[in-house]
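Report on the structure given below.
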Number of protein chains: 2
Amino acid sequence: MTRTVLESKSKTVVIGFDEPFCVIGERINPTGRKKLAAELEAGEFSTVEKDALQQVACGAMVLDVNAGVVYNSNPDPNVTEPPLMAKMIELVQGLVDVPLCIDSSVPGALERGLEVAEGRPLLNSVTGEEDRLESILPLVKKYNVPVVAISNDDTGISEDPDVRFAVAKKIVERAADFGIPAHDIVVDPLVMPVGAMATAGRQVFTLVNKLRSELGVNTTCGASNISFGLPHRHGINAAFLPMAIGAGMTSAIMNPVRPVEMEAIRAANFLMDHDANGAEWIKFSRVLDAVNEGTPFAEASQQSAAAGGGRGGREGRRRRRA
Amino acid sequence: MTRTVLESKSKTVVIGFDEPFCVIGERINPTGRKKLAAELEAGEFSTVEKDALQQVACGAMVLDVNAGVVYNSNPDPNVTEPPLMAKMIELVQGLVDVPLCIDSSVPGALERGLEVAEGRPLLNSVTGEEDRLESILPLVKKYNVPVVAISNDDTGISEDPDVRFAVAKKIVERAADFGIPAHDIVVDPLVMPVGAMATAGRQVFTLVNKLRSELGVNTTCGASNISFGLPHRHGINAAFLPMAIGAGMTSAIMNPVRPVEMEAIRAANFLMDHDANGAEWIKFSRVLDAVNEGTPFAEASQQSAAAGGGRGGREGRRRRRA
């Protein structure tokens, strides 16, 4: 069975066919978050700290860290992004003990991240584009880390799933030339919005199954893209994730501070026999109880984590005294 | 592609691999509903009427009708159930124009139901028990109707999915001896509670796939059994249904007056490319809007149905004037 091993300073997370679904928290990313971008340029990291703690409390097993700010003071990311990446990684791994996913389109930022990250991070990402293959795969080999492989190439993103499969296969083969094993490639088959392409869901389910059976690789995706532009999109996401998990998807880069999606994933883990005795489900159901009573999800999750996963503790006792 | 054709007085519903998931409303059943049982013995049918209208408004495409009351005045269901079944079917089909699922363990009640039902109802059910095969299959043949086949036999319900598959295969083969085609058998592979059997979910997903590919049959289940005994069971159901649909399940006997489960099914239909342009999802999202504003789901669904599926209408205009 394919196992992609990630490590933090002291913890191991395995992405694998026989493992609970791996939730990679996407929040630490200034793309599309103007306020966070401005904070980062100003050397202000309180949002990063909050996002790190909240995401882990809500169930993220890995945290993506993206330092892709275009500074107003210096528009060259090759200069600004590597030191910011190093700073953010050091900050995050000082706060939480989970493996990181080093996310950048700037090779220098990826390498700087690899230099400072503790344990065995996931590199995000390589594509089938020639220049990316030639610049990223040597890093993957040098640092002996797993890598996210996105199924587009120099011709762009194909709407044809067979082409996306062929791109993934090319990346796996090229990686093998570098001595990188298939179990260290986590393929993103690319999720299209179902509102724009009616076959988008079925494409992913078929592709995931094929990537797993024919290439033996783990898979990931930007899950929320499936519901782009639709009303009640959390309902679409919350059906998509269990269906993708049933088809064999083993991880997603997503926002874990969302109770609907996290409930769907935890239920799917239970139904895939990846939650012994339903212990995680039962723990999570107490968080849902608190949410139903009006506590925000992140807060309820943090209280549960602080109390040792809802097995009682200081928080509970203090309330009873009041 | 396997198509099981059901008919009401004027409407056709197809259970099939390329069709939206078929929701069979389970509410019209006195089993475990003491108040309803007492009403039925007293000749009072207002709950049946309400359940028929609500379930169809909420999205039931077929209504199960079960007359299994043990009368205090006469404990022999062979005497009491056939006339009650006829009465209930006549009542329901006078109110709503959807195919019925005639549900009884009393052969006389099934036959009486077949006599009075309009169109082409679904018979519920035959098992692999010898006496059931010999009493029910001739009815299926005589009335040319499809039948639910439950995967237990004279040895009971096996926990081994291979045995349950073998029972289903035996029923399909025995039906063929009677001249009943496989596309008129809807197999219930039996859903165990995942809280009691950790492999319960995976068993169903594997079985559904195998029943479909090897026997070419449609499938159904009592979906809520998966979450029996667990906290937040609607969350388990709402992940189970999309996963079962992704695995190839084509119908379920369930309570459609539950927004969480119906949302999961409608999202799964969209993701399976069984909802052209997301029209049904968008219509349903307006019902969810009303639910979020505090309207009970059944009421919101009935208002939407009355207004032509949320495309505006009298209700909307009247509100604006107030």
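Keep in mind the model is a prediction, meaning the values are calculated, not measured. Note on naming: letters A, B, ... go to the chains in the order of the sequence lines (proteins, then strands), and numbering restarts at 1 for each one.
- For I265(B), no part sits under 4.5 Å from any heavy atom of chain A, backbone or side chain.
- Proximity to chain A is limited to the side chain of N292(B), based on heavy atoms less than 4.5 angstrom apart.
- Of the two parts of F205(B), only the side chain, counted from C-beta on, holds a non-hydrogen atom closer than 4.5 Å to a non-hydrogen atom of chain A.
- When heavy atoms are compared at a cutoff of 4.5 Å, L241(B) does not approach chain A at all.
- In terms of heavy-atom pairs under 4.5 Å with chain B, the best-connected choice from H274(A), M197(A), E263(A), M272(A) is M272(A).
- A200(B) does not touch chain A: none of its heavy atoms, backbone or side chain, sits under 4.5 Å away.
- In this structure, CG on N255(A) lies 8.5 Å from SG on C58(A), to the nearest 0.5 angstrom.
- No side-chain donor from either of T199(A) and D273(B) sits under 3.5 Å from a side-chain acceptor of the other.
- For E159(B), the CD atom is loosely surrounded, since the number of other residues' heavy atoms within 6.0 Å does not exceed 12.
- For the residue pair S224(A) and N237(A), no side-chain donor N or O sits within less than 3.5 Å of a side-chain acceptor on the partner.
- Taking a cutoff of 4.0 Å between a charged side-chain nitrogen and a carboxylate oxygen, E19(A) and R3(A) qualify as a salt bridge.
- In the displayed structure, K210(A) atom NZ is contacted under 6.0 Å by more than 12 heavy atoms of other residues, nucleotides or ligands.
- Each of V186(A), V98(A), I15(A) was scored for a side-chain contact (heavy atoms from CB on, under 4.5 Å) with L6(A), with one residue passing: I15(A).
- Contacts between A198(B) and chain A at a heavy-atom distance below 4.5 Å involve backbone atoms as well as side-chain atoms.
- Chain B forms the most heavy-atom pairs under 4.5 Å with one residue out of G201(A), G246(A), S285(A), G278(A), and that residue is S285(A).
- Considering only heavy-atom pairs separated by less than 4.5 Å from chain A, the leading option among I226(B), D289(B), N277(B), V260(B) is D289(B).
- Per-residue heavy-atom pair counts under 4.5 Å with chain A were compared for A247(B), A268(B), G195(B), and the maximum is reached by A268(B).
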